[in-house]
K.L.:
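Following this message is one structure expressed as structure tokens.
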Amino acid sequence: MALQYSPQEIEEKWQAKWEKSGIYKARDNDKRPKFYSLVMFPYPSGDLHMGHMRVYTISDVISRHRRMQGFNVLNPMGWDAFGLPAENAAIKRKLHPKNWTIENIKHMRDEQLKKLGTSYDWTREVTTCNSDYYRWTQWIILQLYKAGLVYRKSAPVNWCPDCATVLANEQVENGACWRHQETLVIQKQMAQWFLKITAYTDSLLADLDLLTGWPERVKLMQKNWIGKSTGAQLEFTVESKPNVKISVFTTRPDTVFGVSFIVLSPENPLVLELTSEAQKKEVSKYIELSSRKSELERMSTEKTKTGVPLGTYVVNPFNGDIVPIWTADYVLMSYGTGAVMAVPAHDERDFAFAKKFDLPIKEVISADGKVSGELQNAFTGPGIMLNSSQFNGLANNDALKKITLWASENKFGKGKTQYRLRDWLISRQRYWGCPIPLIHCDKCGIVPVPDSDLPVKLPTDIELTGEGGSPLNKLDNWLNVNCPRCNQKAKRETDTMDTFIDSSWYFLRYTDANNDKEAFAQEKVNYWMPVDQYVGGIEHAILHLLYSRFFTKALKDLGLLTCSEPFSNLLSQGMITKFSPQSNRIEKMSKSRGNVVGTTDFFKRYGADAARLFTLFGAPPEQELEWSEEGAIGQYRFLGRIWRLVQDLIVQKIITDGHKAWEPFGKEGINSFDGLDNKEKVLLQLIHYTIKAVSEDLSDKRYIFNTAIARLMELVNGLYAYVQISPNSNNGQKKFNDNERGLLAFAVRTLLLLLAPMAPHIAEELWQQAHYAKNADDTIHLANWPQYVDQLTIANEIELVLQVNGKIINKVPANRGLPEDEVKQIALADEKVQQKIKDTVVRKIIVVADRLVNIVV
RNA sequence: GCUGCUGUGGCGGAAUUGGCAGACGCGCAGGACUUAGGAUCCUGUGACUUCGGUCGUGAGGGUUCGACUCCCUCCAGCAGCACCA
């Protein structure tokens, strides 16, 4: 074997061998404890670059480590294969989306993920656009439909002109489409399918507390998205139409005596009903104007408020005040009741509005309960009530509760909790998605496709034009069916599902991926779930993770599984960045920014192991990592350093003996420092310390791989130093006695085991060459993770730091575990310390065991 | 604007519990080997220094024998949300 480290010669060899021997297969219901390791599956866009590789490397290292620790590891991979890019590519290049997708999957799987040296169980691969998968997506949707969680409703929805389809609320960012940052979403009134995620609002919010293994920021983002507010819903009677009431939601019922007008959203149907004859013209003009404003325009006019009065009034039931009704587009129809009570004295928005239109500002809370005169700003803090009849003098927080109670006793309103989260719009007017398995029958209404007729296959003979409307609508022979209930003519639903549905349950399918009788067997899903470690990008903090949690809870209630949260631990890896010549900035690595580093080239030149090490070493996993060619080459050099060290020890027959590894100490190594000379002690301690440190770094308490690699580098440096100071024999080669050979063999063995999860190819190759493998079929990746002896991780002798008044004066060697008095004596006797303190009185001596002494004078 | 996170050498980063700041790597400098070195091996590398030391973790203050770490004020950068009543 060459003395030169050549990843090209070893990596693909081992990849092929691992695949053939099936060492990464997960076993259902094994006796070992299970570990479900999951990485967010990719959209098969065609080409992964180094920026993508980080997440797969991190997840793979965790899987490999757990496997060596004796867990029955499930580490699956699949494809989120439905979606718009396939359809757009089809329109542009006249390829069928299916063929485009399959080609991409083949390349990404065989040329990229496999060549990274990942340890997936490919027998469980799932592809969401295959009918053996989406058959069960349809089945699950029908179960949810039967449970009343799927409904159809005509509603104002977000329409992206570029996608030519509607979007979920979660897919609108700053008023623009999440796929097209420049394309403003427009509002359309359409009949659409919704999933009733709001039925689970409370448990989605409350159970965030159970997710102790999730990053706080992700939980916070979900919490904000759900947006719980507590307050009250209050009723204001219209003065001229006493049978009409306007409901408002407010978090500040304590300010109700300060209401000086009511505002309705322009979309609120009450606006037209309540406008006076005199105001009709102006109000219609205003509604027309604001309907033409996009979401973004409505936001950008943040500071300048617009609105018109309706010319009618309501009665404030709390104090009989008669106040005007206005319409203004700072009030959103989609939140609460689409109407608010305006209290300019205590709400900044209302204050701005009242100032602009010269409406009264009535103070009802102040810091001391006294009138403050003219307000310059809204007073939003806590204080004492005034101008509020029987509630005067109370702290506003007490008044809030009492007013709510009083309102419900007198039927003016009641306490209410309001959420920001709205139901999930799931229908899309596109072709390349999972067909919704429902049928429209004139007589029977909406009829689910019977289970026996699933899957509703997506027809393949279709011409895609990219014009608006559901492409499936044009396929008469697919569209027209007989109603399963009355057998009369009926039509299929032609919308397809949001692809986030496909990814909301794929982790369940992995547990039983080849089942053609059911979505997953209870026994298997309950054995594997929940996922023990999920790794993925922060961009899915809301969408995918919230939807998956919702699916898990809904399926649990349907009796299909027993866990209520799908992902016990979540790691959100940071992105890989690189200087982009286009923008002259360091930005996220992406094709469109022109700063990608391809995988194939890099693997060919430096190997997958070096790529893996660099992405692990550059920064902790949650932080951003800037790609650096030099840094990556540094890892290649480190691997070369290991290679040469081990090769030398093999060629010189130091750690091997014929076709066996040299093992006079057995696999456990030496269990005490007794009888070792100093340099041996140092090496033995280094080995045990390294095992401990790397094991802790790879544990779920840390997952900090950069320090794990740093510890391995220190071990390698230590081994070089050890070999260097050993005496030469006559022929110039290093001379080692049997004990030293055993220690070296143990050191190298340990090094390779600790390296194996991170650089699997070189570890396996050297494992074989040094004959640590029992036979040709033995693999380091199923070997036991090394154990350390705590006693041996620390030296008997320490360096004692001597301080005077907290400043370091000297460092002296001392034995570990000395009694405090003795340590004090050492410190006081020290020459440098003496010089410093001279005759001054020692006030206090602080001893930190085995670390330092601080003398205070 | 609100919320959250982050500020440490020329660079990426380490310091797990309040106890030696800068592990490890990149870069740089010097040496060895060599026909050659952009390979490899070894050594050095926070700043200032009168070579005794002095200063040093975004800025300022505080608590403490002792602060990168805890508290307060401020500054800068990043991210999420953004008229949510």
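Throughout, a chain's letter reflects where its sequence line sits, starting with A, and its residues are numbered from 1.
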K.L.:
Taking the C1' atom of each, how far is B/C72 from B/U63, in whole Å?
P.N.:
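B/C72 and B/U63 have their C1' atoms separated by 11 Å.
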
K.L.:
Taking any heavy-atom pair under 4.0 Å as a contact, classify A/E626: base, sugar-phosphate, or nothing.
P.N.:
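Result for A/E626 = nothing.
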
K.L.:
Taking syn as within 90° of 0 and anti otherwise, name the glycosidic form of B/G9.
P.N.:
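You should classify B/G9 as syn.
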
K.L.:
Would you indicate which nucleotide in B/G25, B/A14, B/C65 comes nearest to any side-chain atom of A/Q635?
P.N.:
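Side chain of A/Q635 sits closest to B/G25.
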
K.L.:
With the side chain of A/V801 defined as its heavy atoms from C-beta on, choose the nearest nucleotide among B/C20, B/C41, B/C65.
P.N.:
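Between B/C20, B/C41, B/C65, the one nearest the side chain of A/V801 would be B/C20.
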
K.L.:
Do you see a donor-acceptor pair shorter than 3.5 Å between the side chains of A/Y286 and A/T306?
P.N.:
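There is such a pair (donor and acceptor under 3.5 Å, judged by atom type) between the side chains of A/Y286 and A/T306.
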
K.L.:
Does any N or O donor sit under 3.5 Å from an N or O acceptor when you compare the side chain of A/K811 with the base of B/C20?
P.N.:
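Pair found.
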
K.L.:
Identify the nucleotide, in any strand shown, that forms a Watson-Crick or G-U wobble pair with B/C55, with both distances under 3.5 Å; if there is none, say none.
P.N.:
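Per the H-bond distance test, B/G46.
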
K.L.:
Indicate, yes or no, whether a donor-acceptor pair under 3.5 Å links the base of B/A23 to the side chain of A/R711.
P.N.:
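Side chain to base: pair found, below 3.5 Å.
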
K.L.:
Give one of base, sugar-phosphate or nothing for A/I846, where a contact means two heavy atoms less than 4.0 Å apart.
P.N.:
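Here A/I846 touches the bases of the nucleic acid.
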
K.L.:
Is there a Watson-Crick or G-U wobble partner for B/A32 with both distances under 3.5 Å, and if so, which one is it?
P.N.:
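The base-pairing partner of B/A32, which may sit in any strand shown, is B/U40.
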
K.L.:
Is it the case that more than 12 heavy atoms not belonging to A/K219 sit under 6.0 Å from its NZ atom?
P.N.:
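More than 12 within 6.0 Å, yes.
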
K.L.:
Nearest-Å distance, CD (A/E216) to P (B/G80)?
P.N.:
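Interatomic distance, CD of A/E216 to P of B/G80: 19 Å.
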
K.L.:
So is A/K679 actually on top of A/Y722's ring, under 6.0 Å and inside 45° of the axis?
P.N.:
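Yes - A/K679 lies over the ring of A/Y722, closer than 6.0 Å to its centre and within 45° of its axis.
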
K.L.:
Check the pair A/R593, A/E587 against salt bridge (Lys or Arg N to Asp or Glu O under 4.0 Å), reporting the backbone distance first and the verdict last.
P.N.:
CA-CA 8 Å; A/R593 293 183 179 87; A/E587 292 187 296; 3.7 Å; yes

K.L.:
Hey, do the aromatic rings of A/F261 and A/F353 have their centres closer than 6.0 Å?
P.N.:
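Under 6.0 Å, so yes.
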
K.L.:
Determine the contact category for A/Q803: base if any of its heavy atoms lies under 4.0 Å from a base atom, sugar-phosphate if only primed atoms, P, OP1 or OP2 are that close, otherwise nothing.
P.N.:
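A/Q803: base contact, heavy atoms under 4.0 Å.
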
K.L.:
Once you round it to whole Å, what is the distance between P of B/A39 and CG of A/L639?
P.N.:
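Answer to the nearest Å: 16 Å.
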
K.L.:
For A/Y720, answer base if it contacts any base atom (sugar-phosphate contacts may also be present), sugar-phosphate if it contacts only those atoms, and nothing otherwise; contact means non-hydrogen atoms under 4.0 Å.
P.N.:
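Here A/Y720 touches the backbone only, sparing every base.
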
K.L.:
Is A/G618 touching bases, backbone alone, or none of the nucleic acid, heavy atoms closer than 4.0 Å?
P.N.:
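Here A/G618 touches the backbone only, sparing every base.
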
K.L.:
Check A/F602, A/F617, A/Y606 against A/Y636 for a ring pair (Phe, Tyr, Trp, His ring centres under 6.0 Å) and give me the one that passes.
P.N.:
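That would be A/Y606.
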
K.L.:
With a 3.5 Å limit on both atom pairs, tell me what B/G7 is paired to, counting Watson-Crick and G-U wobble, or say none.
P.N.:
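Matched B/G7 with B/C75 under the 3.5 Å cut-off.
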
K.L.:
Give me the distance, rounded to whole Å, that separates B/G61 from B/C11 when you measure between the C1' atoms they each carry.
P.N.:
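Those two atoms are separated by 32 Å.
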
K.L.:
B/A39 and B/G46: how far apart are their C1' atoms, nearest whole angstrom?
P.N.:
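Approximately 31 Å lies between the C1' atom of B/A39 and that of B/G46.
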
K.L.:
Which of these nucleotides, B/G4, B/C24, B/C83, is closest to any side-chain atom of A/L220?
P.N.:
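Within the option list, the nearest is B/G4.
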
K.L.:
Can you tell me the Watson-Crick or wobble partner of B/U64, both distances under 3.5 angstrom?
P.N.:
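The answer is none; no pair meets the criterion.
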
K.L.:
Could you work out the separation of B/G9 and B/A29 based on their C1' atoms and round it to a whole Å?
P.N.:
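After rounding to an integer number of Å, I get 16 Å for this pair.
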
K.L.:
Starting at atom CE of A/M575, determine the distance to atom C1' of B/G80, rounded to an integer number of angstrom.
P.N.:
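So the CE-C1' distance, A/M575 to B/G80, works out to 13 Å.
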
K.L.:
Among the nucleotides B/G27, B/C42, B/A14, which one has an atom lying closest to any side-chain atom of A/N706?
P.N.:
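The closest nucleotide is B/A14.
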
K.L.:
To the nearest Å, how far apart are A/E622 CD and B/G4 C1'?
P.N.:
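Distance check: A/E622 CD to B/G4 C1' gives 14 Å.
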
K.L.:
Of the listed nucleotides (B/C42, B/G27, B/A23), which one gets closest to any side-chain atom of A/T707?
P.N.:
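Nearest to the side chain of A/T707 among the choices is B/A23.
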
K.L.:
Separation of A/W326 atom CH2 from B/C83 atom C1', in whole Å?
P.N.:
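Checked: the CH2 to C1' distance equals 17 Å.
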
K.L.:
Determine the sole option in A/D609, A/I633, A/L712 for which the side-chain contact (heavy atoms from CB on, under 4.5 Å) test with A/F638 is passed.
P.N.:
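Checked A/D609, A/I633, A/L712 against A/F638; only one passes side-chain contact (heavy atoms from CB on, under 4.5 Å): A/L712.
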
K.L.:
B/U40, B/A85, B/C81: which one has an atom nearest the side-chain heavy atoms of A/R637?
P.N.:
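Per side-chain heavy atoms of A/R637, the pick is B/U40.
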
K.L.:
Could you work out the separation of B/C20 and B/C70 based on their P atoms and round it to a whole Å?
P.N.:
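Looking at atom P only, B/C20 and B/C70 are 15 Å apart.
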
K.L.:
May I ask you to say what A/V340 touches in the nucleic acid, namely base, sugar-phosphate or nothing, with a heavy-atom cut-off under 4.0 Å?
P.N.:
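Contact class for A/V340: base.
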
K.L.:
Would you please confirm or rule out a distance under 4.0 Å between OP1 or OP2 of B/C55 and any side-chain N or O of A/K807?
P.N.:
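Answer is yes, contact under 4.0 Å.
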
K.L.:
Among B/C65, B/A85, B/C20, which is the nearest nucleotide to the side chain of A/T251?
P.N.:
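That would be B/A85.
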
K.L.:
For A/N717, which contact category applies under a 4.0 Å heavy-atom criterion: base, sugar-phosphate, or nothing?
P.N.:
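Sugar-phosphate, no base atom in range.
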
K.L.:
Using the C1' atom as the point on both nucleotides, what is the distance between B/G56 and B/U8, in whole Å?
P.N.:
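B/U8 and B/G56 have their C1' atoms separated by 10 Å.
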
K.L.:
Looking only at heavy atoms, which two atoms of A/R637 and A/R644 are closest? And how far apart?
P.N.:
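Closest pair (atom of A/R637, atom of A/R644, distance): O-NH2, 4.3 Å.
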
K.L.:
Any side-chain N or O of A/R420 less than 4.0 Å from the OP1 or OP2 oxygen of B/A82?
P.N.:
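Indeed, a polar side-chain atom of A/R420 lies that close.
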
K.L.:
Among B/C20, B/C83, B/C24, find the nucleotide with the atom closest to the side chain of A/F617.
P.N.:
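For the A/F617 side chain, the nearest candidate turns out to be B/C24.
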
K.L.:
For a quick check of understanding: with a heavy-atom distance under 4.0 Å over all strands, which category does A/K701 fall into, base, sugar-phosphate or nothing?
P.N.:
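Nothing, no heavy atom under 4.0 Å.
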
K.L.:
Between B/U64 and B/G13, how far apart are the two C1' atoms, rounded to whole Å?
P.N.:
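So the two C1' atoms sit 29 Å from each other.
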
K.L.:
Rounding to an integer number of Å, can you tell me how far A/K578 NZ sits from B/G12 C1'?
P.N.:
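In whole Å, B/G12 C1' and A/K578 NZ are 15 Å from each other.
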
K.L.:
For B/G22, which nucleotide is its Watson-Crick or G-U wobble mate, given both distances must be under 3.5 Å?
P.N.:
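With both distances under 3.5 Å required, B/G22 matches none.
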
K.L.:
C1' atom, B/U16 versus B/C81: distance in rounded Å?
P.N.:
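It works out to 33 Å between them.
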
K.L.:
Nearest whole Å is fine: how far is B/U64 P from A/K844 NZ?
P.N.:
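Interatomic distance, NZ of A/K844 to P of B/U64: 10 Å.
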
K.L.:
Tell which nucleotide pairs with B/U69, taking only Watson-Crick or G-U wobble pairs whose two distances are both under 3.5 angstrom.
P.N.:
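In the structure as shown, B/U69 has no Watson-Crick or wobble partner.
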
K.L.:
When you measure from the side chain of A/A619, which nucleotide among B/G13, B/A85, B/C55 comes out closest?
P.N.:
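The listed nucleotide nearest to A/A619's side chain is B/G13.
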
K.L.:
Is it true that the side chains of A/S6 and A/Q4 contain a donor and an acceptor less than 3.5 Å apart?
P.N.:
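No.
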
K.L.:
Where do A/R420 and A/N224 land on the side chain to side chain donor-acceptor pair (under 3.5 Å) test, with the steps shown first?
P.N.:
CA-CA 8 Å; A/R420 210 181 86 110; A/N224 291 340; over 6 Å; no

K.L.:
Does the side chain of A/R217 get closer than 4.0 angstrom to OP1 or OP2 of B/C78 through an N or O atom?
P.N.:
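No, A/R217 has no side-chain N/O under 4.0 Å of OP1/OP2 on B/C78.
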
K.L.:
Using a heavy-atom cut-off of under 4.0 Å over every strand shown, decide if A/R851 touches base, sugar-phosphate, or nothing.
P.N.:
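Sugar-phosphate, no base atom in range.
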
K.L.:
With a 3.5 angstrom cut-off on both distances, give the Watson-Crick or G-U wobble partner of B/A14, or none if there isn't one.
P.N.:
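Checking every strand shown, B/A14 finds no partner, since no pair has both distances under 3.5 Å.
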
K.L.:
Specify the glycosidic conformation (syn or anti) of B/G38, with syn defined as within 90° of 0.
P.N.:
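This nucleotide is in anti.
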
K.L.:
Name the pairing partner of B/C2, where a pair is Watson-Crick or G-U wobble with both distances under 3.5 Å, or state none.
P.N.:
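The answer is B/G80, by the H-bond criterion.
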
K.L.:
Picking from B/U16, B/A85, B/C24, which would you name as closest to the side chain of A/E696?
P.N.:
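Looking only at heavy atoms from C-beta outward on A/E696, the closest nucleotide is B/U16.
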
